[in-house]
Amino acid sequence: QSVSFNVIEGRVLLKGAVKKQKHRIRALELTWQADGVREVINEIQVTDQGGIVNYARDTWISTQLKAEILFDTDILSINYNVETINGVIYVVGIAQDQAELDLVVDHARRIENVEKVASHVVMKDDPRREPGP
């Protein structure tokens, strides 16, 4: 089992795979205890999938998408984080506009062995980016 996270402006994306639902819930509880957390997106999978073959495939998927984003001049690549777990690409970040986000998602969907694209990207003018009270 493996859990990782990205934090952007108080929004925490939990991702990874665990074998038991109680571990997924515990990760969520621990995340909310951290100072400055305003939103938690729990994308932790409860599964027994994994292993070196999946890890290698997932790493290759992420590498391809990162390259596509980097070399697409219509995308501000520095604003995106990408990770793939069991064929699911998780994208988190801040998009300049809907057209840019659509490009990122289109690139992701064209990659071989991608099961799903989970976008947790907000627009640069999204009110969730405003600091809390």
Do you know which two heavy atoms are closest between Thr84 and Ser62, and how far apart they sit? OG1-OG, 2.8 Å

Are any non-hydrogen side-chain atoms of Val121 and Val104 less than 4.5 angstrom apart? no

Single-linkage hydrophobic cluster, 4.5 Å side-chain cutoff, Val40 and Val3 together: yes

Straight-line distance of Glu43 CD to Lys15 NZ, nearest 0.5 Å: 10.0 Å

The side-chain hydrogen bond (donor to acceptor under 3.5 Å, both in side chains) partners of Gln98 (sequence neighbours excluded) come to Asp102

How close do Arg11 and Ile41 get, heavy atom to heavy atom, and via which atoms? NH2-CD1, 3.3 Å

OG1-CD distance between Thr59 and Glu83, expressed to the nearest 0.5 angstrom: 8.5 Å

Find out if a path of hydrophobic residues (ILVMFWY) with successive side-chain heavy-atom gaps under 4.5 Å connects Val7 to Ile44. yes

Minimal heavy-atom distance between Gly87 and Arg57, with the atoms involved, is N-NH2, 3.1 Å

Quick one: do Leu65 and Leu76 end up in the same hydrophobic cluster if we chain Ile, Leu, Val, Met, Phe, Trp and Tyr together by side-chain heavy atoms under 4.5 Å apart? no

Looking at every non-hydrogen atom in both residues, tell me the closest pair between Arg26 and Gln33 and how far apart they are. NH1-NE2, 4.4 Å

Drop me the distance from Glu68's CD to Ile75's CD1, to the nearest 0.5 angstrom. 8.5 Å

Under the rule for side-chain hydrogen bond (donor to acceptor under 3.5 Å, both in side chains), what residues qualify as partners of Gln45, not counting sequence neighbours? Asn86, Tyr90

Closest non-hydrogen atoms of Ser119 and Val105, given as atom of the first, atom of the second and distance, are CB-CG2, 4.5 Å

Approximate separation, where rounding is to 0.5 Å, of Leu13 CG and Glu39 CD: 10.0 Å

For Tyr80 against Glu100, the heavy-atom pair lying closest together: OH-OE1, 2.6 Å

We want to know whether Gln64 and His107 form a side-chain donor-acceptor pair, criterion being a heavy-atom distance below 3.5 angstrom. no

Partner of Ile69 under side chain to side chain contact (heavy atoms under 4.5 Å, CB included), chosen from Val91, Val82, Asn79, Ile78: Val82

When you compare the side chain of Ile8 with that of Ile94, does any pair of heavy atoms fall below 4.5 Å? yes

Distance-only, no hydrogens or angles: does the Asn42 side chain make a donor-acceptor pair with backbone N or O of Leu14 under 3.5 Å? no

Over 12 foreign heavy atoms within 6.0 Å of CD, Gln21: yes

Could you see if Leu28 belongs to whatever hydrophobic cluster contains Val46? Use Ile, Leu, Val, Met, Phe, Trp, Tyr and a side-chain cutoff under 4.5 Å. yes

Stepwise side chain to side chain contact (heavy atoms under 4.5 Å, CB included) test for Leu103 and Asp72: CA-CA 9 Å; Leu103 284 172; Asp72 188 325; 4.1 Å; yes

How would you list, by chain and number, every residue that makes a salt bridge (charged side-chain N to carboxylate O under 4.0 Å, His left out) with Glu115, sequence neighbours excluded? none

